[in-house]
Amino acid sequence: MSKLTFPENFIWGTATSSYQIEGAWQEDGKSESIWDRFAHTAGKIEDGTTGDVACDHYHRWAEDIALMKSLNIQSYRFSTAWPRILPNGRGPINQAGLDFYSRLVDGLLAANITPFVTLYHWDLPQVLQDEGGWTARPIVESYVEYVDVVTRHLGDRVKHWITHNEPWVVAIMGHESGEHAPGIKDGAAALAAAHHVLLSHGAAVPIIRQNSVGAEVGITLNFVPAEPATSSIADFNAYRFFDGFFNRWFISPLYGRRYPADIVADYVAKGYLPPDGLPFVQEEDWQTIATPTDFLGINYYSRAILSADTAETDLEKTLFSSVAPEQTDMGWEVYPNGLYNLLQRLYFEYQIPKIYITENGASYSDGPDENGRVADKRRLSYLRDHLTVAHQAIQNGIPLAGYFVWAFMDNFEWNRGYKQRFGIVWVDYETQQRTIKDSALWYKEVIARNGLE
Ligand code: IFM
């Protein structure tokens, strides 16, 4: 077998987010987030759990950094929690919250691990939700204030910033299906939320550049490459809508093309938009949203195959309806070629100068055997097959600059709770003991060799 070598400066990383791992939900002046509120509401989380303690990373961060270092991890993508830093959403700064992230950044740098900071991974202060959250335009100003505070304090040491993680999830799962916090079920609200997230991204980019000289700034979108199930016109139309509402709605305005006209028309037909346009848009927004960035972060897990009879009736089924035999515990098809197709499409259609895979990984529940070993073969082959495809994309000229495994350790998988385990490190939630899985040992070797055998 030949060796697949990656470019010399390729970044090998791993990722998490604040609410999913930190715990300490009420400590050191942190206020309630929409996820605290949502998880504390009966019936919202499949296994009835919350992120109150999670992986207790708030107290165990030093141990977690040491573990990363032992695995050769070069870069760590984590998010900052807005309610730790500005408990009122805006105004007075909670120094203890900032200090936590400052220590984390210093610890990472001391371990020679590059911090990649996501400024918003879904834990909005509840006080801002009470004013309308992402559906109300003033949120943009509050977000920019929050970003200004974080980047002023960490911008001397952090040089990679991601404004938002997965605006589709914030907008659609949070405001249309209501499966995520804040649990709203209103199509019109979802579109307003999507717009304000994108607008806040563009408004924040110059502030980040000002506060963090020489930094790279980008946004992370989740993509689900789609295909029609058959050659029928009805399936094609289901595919077209899916691709538009999931993928194009978010990337188009970021690259100067406004919202896709076909999907605007579909939303008018669904009653999500009035016939005479987009009520939440002001003309100057287009330019703000399309503020040039340095990179696009992409999160890829699976593809969708669309047929007219499932489209729009059962979102979860439609998203990940699968023809391949292999599925992860999330029920998502394992389909590495989808990553190749996605990278190629993004590069060809949008001429993106630099791409990072900011998340890729798989949920499998394999736990420690009688000797304490976690032989998570399926995750290992998932990662290997996706990296093989990533390598092929680089060979073909696509500017892919780094790869972050989701996730560094098992954590709180939102409305699915703790049963879904994405980590390359096992977490025993009773004892908080971490156990390195076989996939992590394999990844360690990949990093050491800068490639795959
Ligand atoms: O756990 C999530 C993460 O927070 C965002 N991207 C997808 C992951 C797996 O569902």
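First listed ligand is number 1; within each ligand, the first listed atom is number 1.
Near Trp414, the atoms of ligand 1 lying under 4.0 angstrom from a non-hydrogen atom of the residue are 1 (O), 2 (C), 3 (C), 4 (O). Shown in contact with His121 at under 4.0 Å from a heavy atom are these atoms of ligand 1, numbered in order with element: 3 (C), 4 (O), 5 (C). Numbered from 1 in the order shown, with element, the atoms of ligand 1 that lie under 4.0 Å from a heavy atom of Phe422 read 9 (C), 10 (O).
No side-chain heavy atom of Leu254 sits less than 4.5 Å from a side-chain heavy atom of Thr293.
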Report task. Walk me through it: do His121 and Trp35 pass the test ring-ring contact (aromatic ring centres under 6.0 Å, His included)? Result -> CA-CA 11 Å; His121 199 127; Trp35 270 96; over 10 Å; no
Query raised in the report: Would Phe223 and Phe246 count as a ring-ring contact (aromatic ring centres under 6.0 Å, His included) if you check the C-alpha gap in whole Å, the side-chain angles of each, and the deciding distance to 0.1 Å?
Result: CA-CA 7 Å; Phe223 290 94; Phe246 203 112; 8.2 Å; no
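Look at Asn411 and you'll find every heavy atom at least 4.0 Å from all atoms of ligand 1. Ligand 1 lies less than 4.0 angstrom from a heavy atom belonging to Trp332. Contact annotation: Gln420 has no heavy atom less than 4.0 Å from any atom of ligand 1.
Checked by distance only, ligand 1 and Asn165 stay at 3.5 Å or farther apart across all their nitrogen or oxygen atoms. Of the N or O atoms in Glu413, one or more lie within a sub-3.5 Å distance of an N or O in ligand 1. Below 3.5 Å of separation, one finds an N or O of Glu166 facing an N or O of ligand 1.
What sits closest to atom 6 (N) of ligand 1 on the protein, heavy atoms only, is Glu359 OE1, 2.5 Å.
No hydrogens or angles considered: a donor-acceptor pair under 3.5 Å links the side chains of Asp130 and Gln126. A donor atom on one side chain and an acceptor atom on the other are found under 3.5 Å apart for Tyr58 and Asp28. Judged by distance alone, the side chains of Tyr101 and Trp61 never bring a donor and an acceptor atom under 3.5 Å apart.
Between the CZ atom of Phe295 and the OH atom of Tyr356 there is a distance of 6.5 Å, given to the nearest 0.5 Å.
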